[in-house]
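Fair warning: this is a prediction, and the values are worked out from it, not measured in the lab. Per chain, numbering begins at 1; letters A, B, ... match sequence-line order.
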Protein chains: 2
Amino acid sequence: MQNISKEDYLSAIYKYRETDGTIKANRIADKLSISNAAVTDMLKKLANDGFVDYKRYKGIRLTKNGEEYAKNMVRRHRIWEVFLHQIVGMPWDKVHEEAHNLEHGASDELINKMEEMLDFPEFDPHGDPIPDKNGLLPKQRHTIPLSLAAKGEAVEVVRVNDFDNSFLKYLSGIGIKLNKKLTIKNVLGFDKSMIISIDNKEVNISSTIAANVFVHRKN
Amino acid sequence: MQNISKEDYLSAIYKYRETDGTIKANRIADKLSISNAAVTDMLKKLANDGFVDYKRYKGIRLTKNGEEYAKNMVRRHRIWEVFLHQIVGMPWDKVHEEAHNLEHGASDELINKMEEMLDFPEFDPHGDPIPDKNGLLPKQRHTIPLSLAAKGEAVEVVRVNDFDNSFLKYLSGIGIKLNKKLTIKNVLGFDKSMIISIDNKEVNISSTIAANVFVHRKN
DNA sequence: GAATTAATTTAAGCAAGCTTAAAATTATTG
DNA sequence: CAATAATTTTAAGCTTGCTTAAATTAATTC
């Protein structure tokens, strides 16, 4: 298979599309750091392959086949992430890039073997859901951005946005990990920054940080 | 890095060159299943990058830099093989192909981490030596092809040629693995096929098979 | 609803890495 | 050593996936 580029497009569409299933060429170009013209080019090929529904100047969405293919790519990526984190001991902020460089190469057999070794994980190290062999996603968890939690609430970290390595590194630095329990001590009015308690230590985090950490209410 | 093709050329040159260090364009083309013209093309680029010494119509050999780069690729490949075999439990005859598809993607950091997990293995699952971080190879072992062993000799399997998956599968099937002890019970005169004893069972192997299994004399 | 702005597509072109066919060079052999 | 054979290179061309610039279409705003 020599579909690395196509696979990257399908993953990006799957990952960054709107809740109604559509995505703009614009956004794809942005996420893949390429020109709009290149996206138009590739969309024609993907449409021709039956992976996307596409009409000139109109919205883009995955077909059933495209959905399946993309979901499998996301599955591959996330299983690699868990494997690298748990088996190889690679830190949180490095697994995404490494997994991206490995996801196109591995055979399905290897992916399935790793999944089994990991005892069929449901979420990757950032809390994103992992589709199983049949494309089924784990039951969705009800989460809110930490920024919406109120003073006094006790919450558990369930997912973080992994758009930036330094962000993840920062989170590790202040002790925020998946499944960590936090208590909101205070929310400052003027900039919405928060004082939260982690492991009985208090830290101050900006509202931008808080908006990218997703939590589950515990009380 | 987008050097997949270049890396494949360098690996092939390293792996398939003659003992005097030279290799013919011919052979590279053959091993990589591409045309001679493509090889000429790439040799110019590799020469330009300082990885090979190359003059039109003349012999090809790696420069010091090329040697280093190639050795590192071989290292990456073989560490993947050991990892897939020992940690993931992938069979002998499948690790080569899988490793080939992963070797370009992994970071040096990951390779080093895997090497450490594996306690710095010196040989891959086929008995080929693994260069260490500094490019040093393990001490060379004195081996002979099994086909040269004589009736009555006791030998230990040290390396096998991995040019063909079905060959490796066949070897597993009759019980031949690395470090296995064998005794040559008989060598048939007319076709040089051998009767050898493995785990107290006698099997008959052709001279071609025997020529691709390398052993160490035990007595 | 016309004008402006934003998004998308077309057009032309480039680099990498391949192909086949023909030409050039080197090697072999009678 | 000349003829033939084998190897290597050049030439022309193809595909993929990208680029920038210009043209087209859609969306927004006055």
Side-chain angles (χ1 to χ4, degrees), chain A residues 1-18 20-62 66 69-70 73 100-101 103-105, chain B residues 1-14 16-18 20-63 66 69-70 73 100-101 103-105:
Chain A
M1 178 176 318
Q2 215 61 300
N3 297 327
I4 295 181
S5 195
K6 281 185 185 172
E7 289 176 352
D8 283 341
Y9 277 83
L10 291 174
S11 293
I13 296 172
Y14 180 88
K15 224 179 145 190
Y16 299 113
R17 63 190 170 176
E18 304 297 325
D20 70 355
T22 64
I23 187 169
K24 293 191 169 182
N26 223 359
R27 190 164 163 79
I28 300 175
D30 202 55
K31 290 299 177 183
L32 296 180
S33 302
I34 51 176
S35 70
N36 282 346
V39 173
T40 302
D41 246 36
M42 185 58 88
L43 285 174
K44 286 179 192 166
K45 293 177 197 167
L46 289 173
N48 201 51
D49 293 344
F51 290 134
V52 299
D53 280 331
Y54 164 71
K55 290 199 195 77
R56 292 167 67 255
Y57 294 104
K58 290 290 159 56
I60 298 149
R61 74 167 59 237
L62 294 170
Y69 201 142
M73 287 314 298
H100 181 71
N101 291 329
E103 66 189 358
H104 301 289
Chain B
M1 177 174 323
Q2 214 64 297
N3 298 328
I4 295 181
S5 195
K6 282 184 186 175
E7 289 176 351
D8 283 341
Y9 278 82
L10 291 175
S11 293
I13 295 172
Y14 180 87
Y16 299 114
R17 62 188 169 176
E18 304 298 325
D20 70 355
T22 64
I23 188 169
K24 293 192 171 184
N26 223 359
R27 189 164 164 80
I28 301 174
D30 202 56
K31 290 299 177 184
L32 296 179
S33 299
I34 53 176
S35 70
N36 281 347
V39 173
T40 302
D41 247 37
M42 185 58 88
L43 285 174
K44 288 179 192 167
K45 292 177 197 165
L46 290 173
N48 200 52
D49 292 346
F51 290 134
V52 298
D53 280 329
Y54 164 69
K55 290 198 195 77
R56 291 165 70 253
Y57 292 104
K58 289 290 159 56
I60 297 148
R61 73 167 60 236
L62 294 171
T63 61
Y69 201 140
M73 288 313 299
H100 180 72
N101 292 328
E103 64 188 0
H104 301 289

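Among the atoms of the strands shown, only primed sugar atoms or phosphate atoms (P, OP1, OP2) are found under 4.0 Å from some heavy atom of A/Lys44. Residue-level contact check: B/Asn36 touches the bases, meaning some heavy atom is under 4.0 Å from a base atom. If you check every strand for non-hydrogen atoms under 4.0 Å, A/Ala25 touches sugar and phosphate atoms only.
Rounded to a whole Å, the CG atom of A/Asp41 is 14 Å from the P atom of C/dA12. For the pair A/Asp49 CG and D/dT16 P, the interatomic distance rounds to 10 Å; values are reported in whole Å. Rounded to whole angstrom, the span from the CD1 atom of A/Ile23 across to the P atom of C/dT8 amounts to 10 Å. Between the CG atom of A/Leu43 and the P atom of C/dA7 there is a distance of 16 Å, given to the nearest Å. The interatomic distance linking A/Lys24 (NZ) with C/dT9 (C1') rounds to 15 Å, in whole Å. Separating the CG atom of A/Asn48 from the P atom of D/dT15 is a distance of 14 Å, rounded to the nearest angstrom. For the pair A/Ile34 CD1 and D/dT16 P, the interatomic distance rounds to 16 Å; values are reported in whole Å. Remark: C1' of D/dT25 and CG of A/Asn26 are 14 Å apart, rounded to the nearest angstrom.
Close to D/dT19, at under 4.0 Å from its OP1 or OP2, lies a side-chain N or O of A/Ser35. Between A/Thr40 and C/dT10 there is no side-chain N or O to OP1 or OP2 distance below 4.0 Å. Taking only side-chain nitrogens and oxygens, B/Lys45 never comes nearer than 4.0 Å to OP1 or OP2 of C/dA15.
Of the candidates B/Val52, B/Ile60, B/Leu62, B/Ile60 is the only one forming a side chain to side chain contact (heavy atoms under 4.5 Å, CB included) with B/Ile23.
Contacts of A/Arg27 classified as salt bridge (Lys or Arg N to Asp or Glu O under 4.0 Å), with partners at least two apart in sequence or in another chain: none.
The heavy-atom pair separating B/Asn101 from A/Gly105 by the smallest distance is CB-O, 3.3 Å.
Annotation: of the two residues near DNA chain D, A/Lys6 and B/Val39, the 5′-most nearest-nucleotide partner is B/Val39.
Residues of residues 50-61 of chain B that place a heavy atom closer than 4.0 Å to DNA chain D, in numerical order, are B/Tyr54, B/Arg56, B/Tyr57.
Of the candidates C/dG17, C/dT19, D/dC18, C/dG17 carries the atom nearest the B/Met42 side chain, counting heavy atoms from C-beta on.
Note that CE of B/Met42 is 9.0 Å distant from CG of B/Asp49, once rounded to the nearest 0.5 Å. Distance CD/B/Glu103 to CD/B/Glu7: 7.5 Å, rounded to 0.5 Å.
Sorted by first and then second residue, the ring pair (Phe, Tyr, Trp, His ring centres under 6.0 Å) pairs involving residues 37-56 of chain A (not counting sequence neighbours) are A/Phe51-A/Tyr69.
Taking the side chain as every heavy atom from C-beta outward, B/Ile34 and B/Tyr9 approach each other to under 4.5 Å.
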